[in-house]
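Following: one structure in structure tokens, then a few remarks.
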Amino acid sequence: MIFKFRMLSDEAEDFVRDYEVPYDMNLADFHTYLRESVGYSPAEMASIFTSDAEWEKLREFTSEDMGLDGEGSGSDVPLPMERVSLGQIMHEKFGRLIYVFDIFNERQFFIELIETKFAEDGVEYPRIVTEEGEPPLQCRAAEREPDGRSMFDEAMDEFGDFQGDDNYDDE
């Protein structure tokens, strides 16, 4: 079985990608495929959420195992992407996913299942079937300083010259 998904962005109006992927592809491979298809760096963490019809986030699946097995109850504990396949979470046509590619700034793609079909002979999956527009930049320009350093790098510079006082006693 093949799932056909449409991925849209709320930041780039002309951006559209349609993907055909095997239903048994795990979410980690799906995440990697999506990330590579838009040219994003693998250095950033990401999450995939199931969503309701109003694009409200439901269940979270993370690119990194958070080690939360056994903590919390049921669906409020994020699961690692590699443990779950698309077929396990897509139960109906027009099912929705939210792919959060920038966790700290809540930047995301909206993905909707638009078709299920049998695999075609001689066709290699996964594949992109529609590719329009440019994806939003992975990191917004405002997040980087003109010299290419992040705000975090600038803040950490203040601590680089720290030298402890051996005579300091906090008692």
Side-chain angles (χ1 to χ4, degrees), residues 1-70 72-141:
M1 186 65 61
I2 298 298
F3 287 157
K4 183 176 181 180
F5 290 102
R6 173 156 294 154
M7 185 165 80
L8 304 171
S9 168
D10 60 349
E11 295 178 37
E13 290 182 23
D14 63 340
F15 173 82
V16 177
R17 293 288 188 279
D18 287 350
Y19 302 95
E20 290 181 346
V21 300
Y23 79 98
D24 58 352
M25 178 181 243
N26 73 35
L27 294 181
D29 292 340
F30 187 56
H31 151 66
T32 299
Y33 185 72
L34 295 176
R35 187 194 71 232
E36 289 174 354
S37 78
V38 294
Y40 287 176
S41 164
E44 303 296 325
M45 289 180 37
S47 286
I48 293 176
F49 289 84
T50 54
S51 169
D52 63 17
E54 285 79 42
W55 295 105
E56 294 294 323
K57 293 175 184 171
L58 300 174
R59 183 75 193 258
E60 181 178 13
F61 304 92
T62 56
S63 58
E64 301 295 324
D65 188 343
M66 300 300 185
L68 299 174
D69 291 342
S73 61
S75 65
D76 63 341
V77 176
L79 288 175
M81 289 180 189
E82 71 256 358
R83 291 196 199 164
V84 181
S85 72
L86 287 165
Q88 290 175 296
I89 61 171
M90 301 307 298
H91 303 291
E92 57 191 56
K93 191 172 179 186
F94 307 114
R96 293 179 168 184
L97 301 172
I98 298 172
Y99 175 49
V100 180
F101 63 90
D102 182 349
I103 291 176
F104 301 110
N105 293 300
E106 279 294 308
R107 297 176 63 226
Q108 56 215 357
F109 289 113
F110 300 91
I111 302 171
E112 186 167 21
L113 179 64
I114 57 174
E115 184 181 352
T116 58
K117 63 182 189 174
F118 291 105
E120 297 174 35
D121 289 337
V123 175
E124 219 174 290
Y125 300 98
R127 69 180 185 157
I128 299 172
V129 292
T130 302
E131 187 171 7
E132 297 176 13
E134 293 296 319
L137 296 175
Q138 186 174 15
C139 294
R140 292 184 181 143

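When a residue number appears, it is its place in the shown sequence, counting from 1.
- Not one N or O on the side chain of R59 forms a donor-acceptor pair closer than 3.5 Å with the backbone of L79.
- E134 is linked by a salt bridge (Lys or Arg N to Asp or Glu O under 4.0 Å) to nothing, counting only residues two or more places apart in sequence or in another chain.
- Residues passing the side-chain hydrogen bond (donor to acceptor under 3.5 Å, both in side chains) test with S47, sequence neighbours excluded: E60.
- Residues passing the ring-ring contact (aromatic ring centres under 6.0 Å, His included) test with Y19, sequence neighbours excluded: Y33.
- Using a 4.5 Å heavy-atom threshold, the side chains of F30 and I111 count as touching.
- The ring-ring contact (aromatic ring centres under 6.0 Å, His included) search around F110 returns W55, not counting sequence neighbours.
- Partners of E131 under the salt bridge (Lys or Arg N to Asp or Glu O under 4.0 Å) rule, at least two apart in sequence or in another chain, are R17.
- Remark: E54 engages no residue in a side-chain hydrogen bond (donor to acceptor under 3.5 Å, both in side chains) (not counting sequence neighbours).
- In terms of the ring-ring contact (aromatic ring centres under 6.0 Å, His included) criterion, F61 has no residue partners (sequence neighbours excluded).
- Residues satisfying the salt bridge (Lys or Arg N to Asp or Glu O under 4.0 Å) criterion with K57, sequence neighbours excluded, are E106.
- Counting all heavy atoms, side chain and backbone alike, L58 lies closest to D52 at CD1-N, 3.7 Å.
- Atoms CZ and CE, on F109 and M7 in that order, are 4.5 Å from each other to the nearest 0.5 Å.
- Take A119 and apply the side chain to side chain contact (heavy atoms under 4.5 Å, CB included) test, not counting sequence neighbours, and it matches I2, Y125.
- Proximity of a side-chain donor or acceptor of N26 to a complementary backbone N or O of A28 within less than 3.5 Å is detected.
- A salt bridge links K117 to E20: one of the charged nitrogens lies within less than 4.0 Å of a carboxylate oxygen.
- You'll find the side chain of V84 stays beyond 4.5 Å of the side chain of I48, heavy atoms only.
- E132 meets the side chain to side chain contact (heavy atoms under 4.5 Å, CB included) test with V16, T130; sequence neighbours excluded.
- Between Y99 and F101, the ring planes are tilted. Angles from 30° to 60° get that label.
- Residues satisfying the side-chain hydrogen bond (donor to acceptor under 3.5 Å, both in side chains) test with Y40, not counting sequence neighbours, are none.
- Residues passing the salt bridge (Lys or Arg N to Asp or Glu O under 4.0 Å) test with D18, sequence neighbours excluded: R6.
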